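Notes for the one structure printed next.
Computation of the quantities below employed the complete heavy-atom set of this structure, encompassing side-chain atoms and omitting hydrogens, waters and symmetry-equivalent molecules. On a predicted model such as this, the values are computed, not experimentally measured, just so you know. We name chains A, B, ... by the order of the sequence lines, and we start the count at 1 in each one.
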Protein chains: 4
Amino acid sequence: MKNQKPKYHQIIEAAVKVIAENGYHGSQVSKIAKEANVADGTIYLYFKNKEHILVSLFEVKMGEFINQIAKAIEESDAASDQLYTLIKMHFRQISSDYYLAIVTQLELRQSNISLRLQINQVLKPYLTVIDGIIQKGMEQHQFGKDLNIPLVRQMIFGTLDEIVTNWVMKEQKYNLVEMAPEVHRMLVNALSK
Amino acid sequence: MKNQKPKYHQIIEAAVKVIAENGYHGSQVSKIAKEANVADGTIYLYFKNKEHILVSLFEVKMGEFINQIAKAIEESDAASDQLYTLIKMHFRQISSDYYLAIVTQLELRQSNISLRLQINQVLKPYLTVIDGIIQKGMEQHQFGKDLNIPLVRQMIFGTLDEIVTNWVMKEQKYNLVEMAPEVHRMLVNALSK
Amino acid sequence: MKNQKPKYHQIIEAAVKVIAENGYHGSQVSKIAKEANVADGTIYLYFKNKEHILVSLFEVKMGEFINQIAKAIEESDAASDQLYTLIKMHFRQISSDYYLAIVTQLELRQSNISLRLQINQVLKPYLTVIDGIIQKGMEQHQFGKDLNIPLVRQMIFGTLDEIVTNWVMKEQKYNLVEMAPEVHRMLVNALSK
Amino acid sequence: MKNQKPKYHQIIEAAVKVIAENGYHGSQVSKIAKEANVADGTIYLYFKNKEHILVSLFEVKMGEFINQIAKAIEESDAASDQLYTLIKMHFRQISSDYYLAIVTQLELRQSNISLRLQINQVLKPYLTVIDGIIQKGMEQHQFGKDLNIPLVRQMIFGTLDEIVTNWVMKEQKYNLVEMAPEVHRMLVNALSK
DNA sequence: TATGAATGAGCCTTCATTCAT
DNA sequence: AATGAATGAAGGCTCATTCAT
């Protein structure tokens with residue numbers, strides 16, 4: 001399975017590790033190549049340039065992240081339960097890979113505008129999942145009926161992202177997943193009529 | 001008083017303009033110096049290094065930002081009203097200086113971890129103001145009584161910050177201040193018992 | 001015979017095309033391989049290195065060039081007529097293969113000294129043909145009797161080469177072969193007592 | 001005098017030396033900087049990029065070359081004498097600076113097309129001087145009256161350039177200036193009716 | 001013979017900071 | 001206090017060549 005494009009994934013995993021340990025600006029292509037056990041030039045057989053490594057990293061990892069969440073959500077019908085699942089999964093996945101959390105929450109945000117815009121594109125499906133929950137909540141009369149969807153989505157995403165970023169910056173001194181019920185309660189309250 | 005250091009402020013204002021127009025990575029010290037009508041070397045008579053310009057920029061501008069909000073809040077007694085004032089002022093000040101908004105919401109976030117940590121220090125008084133409102137709301141029984149203050153603060157700040165960032169990235173196509181009532185209603189709901 | 005090394009010639013023809021279209025510095029080995037429909041590695045079964053492709057190209061093409069001229073010259077006895085034939089053939093052959101003309105007149109001259117020295121070796125038989133005509137002209141008393149042969153040869157070759165290079169650089173806007181009589185008249189004049 | 005823009009000329013002189021000794025492709029910017037006793041970065045205060053050093057080198061040196069010749073020519077009235085002066089000066093100047101001769105005759109010709117086109121522009125005034133002599137020679141009835149000026153110019157320049165290049169490649173084993181009378185005699189013959 | 005994935009040496013340029021004036 | 005010319009470290013990327021298959 002993983003044997004398909006093994007170098008491609010080797011390089012991405014190496015990039016996560018190197019960036020987590022050395023920071024965005026301390027992560028030279030040569031360092032990533034060394035960590036991946038390939039020659040510098042080999043990187044360029046799989047990625048157009050350095051930026052492309054980072055975008056790909058985000059695509060692959062965020063793709064998994066979103067797929068996991070989307071699949072888990074399908075198991076509930078109620079919007080409120082789906083929101084709870086989303087929060088819990090979001091926190092759980094971040095907790096389960098600290099290296100990746102550092103990279104996506106802290107380091108990749110130092111990238112230039114061009115990369116940030118591409119990252120935003122990758123995030124879109126996640127925002128769409130959130131929008132879907134809000135929509136369903138309105139239809140099920142679990143949430144207020146005239147919610148401003150983009151605004152609500154920004155509240156949900158902004159809240160989760162800020163909580164996660166704080167947790168990463170505080171070096172994960174506490175259990176992130178345990179926060180889920182309280183966060184869920186507040187967000188549901190916020191959306192109720 | 002401050003007028004006795006005219007160059008200091010010239011340089012900071014120049015930095016805002018240059019960064020807003022050229023982006024973080026397009027803002028060389030020499031460009032800032034030129035915009036400020038001083039020699040490159042002069043910068044280093046007022047700032048220890050480039051990072052120090054940016055921290056100072058954030059300190060000065062965020063100091064004004066927080067002072068305005070703190071003063072406005074004093075005029076209300078009820079925590080909910082204070083929260084409304086905070087939201088409205090936050091949005092209003094961002095709206096009133098688009099250049100500054102770009103710099104603080106988008107460009108300065110591309111800085112390295114060291115600068116980001118210093119920026120977080122500067123933000124602390126603002127977070128303390130938010131904490132104060134939450135505390136007061138619990139005492140006044142306007143909000144639930146057992147709120148996890150750091151968590152709530154992260155929700156409030158995360159929500160406002162995400163909304164503002166989206167507004168800046170969407171190139172201010174809509175009126176930000178008009179969002180205040182709806183945001184306020186959702187947040188108060190979230191905090192109610 | 002030569003057909004038994006089809007790849008060898010495929011590669012040389014591909015090199016001419018690729019260099020003519022992409023310039024010397026835009027002609028990577030991989031591009032030549034692709035144009036020749038062989039793998040990169042195959043090139044090295046037929047040529048020691050990249051430089052060797054270019055020397056071989058020059059040898060093969062220049063060999064044909066010189067043979068044609070040498071054969072044509074044999075048909076005249078008078079040195080002056082032979083010189084006319086040489087000029088006409090030189091211009092005619094250049095005119096007949098614009099791709100090759102670009103490569104030999106413009107692109108291959110960007111090569112390094114080592115390659116240029118080898119190219120000079122390849123040119124020697126042509127220079128010897130010229131020397132022969134000069135010698136014969138002196139013996140036949142068509143030309144002055146005490147000509148400095150190397151100097152005269154440099155004049156003849158330098159003149160033809162400069163004219164051809166200009167024609168190639170001007171993108172062959174005019175008929176090169178029509179220049180032959182005038183060039184011949186001037187050169188014969190130059191060599192007369 | 002030379003104190004005007006001293007670094008600019010330091011760098012150009014260093015470039016001539018470094019290129020003559022190491023060849024075009026062995027002349028890294030850092031090597032030129034070291035020879036000029038300046039930091040690598042200093043180069044870029046005076047030249048836009050590496051190519052610009054070479055174009056400037058050619059401009060400055062060729063400018064002097066042409067000025068010397070043009071001035072010397074003014075002292076004669078007869079086209080034939082002017083041509084003799086031109087040949088003698090051309091050979092004399094090349095002989096007087098072997099390093100420069102290597103650079104202009106051999107190394108700079110390895111540059112890419114872009115640089116070569118710029119070099120051709122720099123050469124234009126020299127070609128114009130030659131054209132002037134031809135024109136004058138026709139008016140004075142020293143030369144034939146219906147010469148094809150571009151063609152004649154190509155013969156003169158091609159001849160001189162080829163002779164000089166051979167001399168440089170043969171490592172100046174003989175006296176170049178002594179060739180002038182014979183070359184002059186041949187060229188004048190060539191142009192006579 | 002033929003392949004083509006992998007290698008890794010090599011270099012131009014930028015820009016924050018210094019320091020002689 | 002102010003200047004601005006000079007510094008020099010640092011890194012992304014290309015491409016000729018190799019070698020296991």
Base-paired stems that DNA chain F participates in, counting runs of 3 or more Watson-Crick or G-U pairs under 3.5 Å | E:2-21 with F:2-21
Any side-chain N or O of D:Thr42 under 4.0 Å from OP1/OP2 of F:dT7?
-> yes
Does a side-chain heavy-atom distance below 4.5 Å link C:Lys34 with C:Val18?
-> no
Side-chain heavy atoms of C:Tyr46 within contact of C:Ser56, under 4.5 Å = no
Do you know which two heavy atoms are closest between A:Val168 and A:Ala101, and how far apart they sit?
-> CG2-CB, 4.0 Å
Nearest-angstrom distance from the residue atom [atom1] of [X] to [atom2] of [N]:
| X | N | atom1 | atom2 | result |
| --- | --- | --- | --- | --- |
| C:Ile53 | F:dA16 | CD1 | P | 9 Å |
| C:Lys48 | F:dA16 | NZ | P | 16 Å |
| B:Gln10 | F:dA2 | CD | C1' | 13 Å |
| A:His25 | F:dG12 | NE2 | P | 12 Å |
| B:Tyr8 | F:dA1 | OH | P | 14 Å |
| A:Leu45 | F:dC15 | CG | P | 13 Å |

Going 5' to 3' on DNA chain E, which nucleotide is the first and which the last to come under 4.0 Å of a heavy atom in chain B?
-> E:dC15 to E:dT18
Comparing D:Gly41 with B:Tyr44, nearest DNA chain E nucleotide closer to 5' gives the residue D:Gly41
Start at the 5' end of DNA chain E and walk down; is the nucleotide closest to B:Ser27 or to C:Asp40 reached first?
-> C:Asp40
Upstream residue (5' side of DNA chain F) when C:Lys50 and B:Asn37 are each assigned their closest nucleotide | B:Asn37
Of A:Asn49 and B:Lys7, whose nearest nucleotide on DNA chain F comes first from the 5' end?
-> B:Lys7
With a non-hydrogen cut-off below 4.0 angstrom, is A:Val29 in contact with a base, only sugar-phosphate, or nothing?
-> sugar-phosphate
Sugar-phosphate only, base, or nothing, as touched by C:Tyr46 at under 4.0 Å among non-hydrogen atoms = sugar-phosphate
Donor on one side chain, acceptor on other, B:Glu59 and B:Gln118, under 3.5 Å = no
Salt-bridged, D:Lys31 to D:Glu21, with N to O below 4.0 Å?
-> no
When the ring planes of C:His52 and C:Phe47 are compared, do they come out parallel, tilted or perpendicular, using 30° and 60° as the limits?
-> perpendicular
Yes or no on salt bridge (Lys or Arg N to Asp or Glu O under 4.0 Å) for A:Glu107 and B:Arg116, after CA distance, side-chain angles and deciding distance?
-> CA-CA 11 Å; A:Glu107 300 301 340; B:Arg116 301 251 296 289; over 6 Å; no
Between C:Thr42 and C:Val38, is there a donor-acceptor pair closer than 3.5 Å when you use the side chain of the first and the backbone of the second?
-> no
Could you walk me through whether D:Gln28 and D:Asn22 pass the side-chain hydrogen bond (donor to acceptor under 3.5 Å, both in side chains) check?
-> CA-CA 9 Å; D:Gln28 296 80 358; D:Asn22 302 279; over 6 Å; no
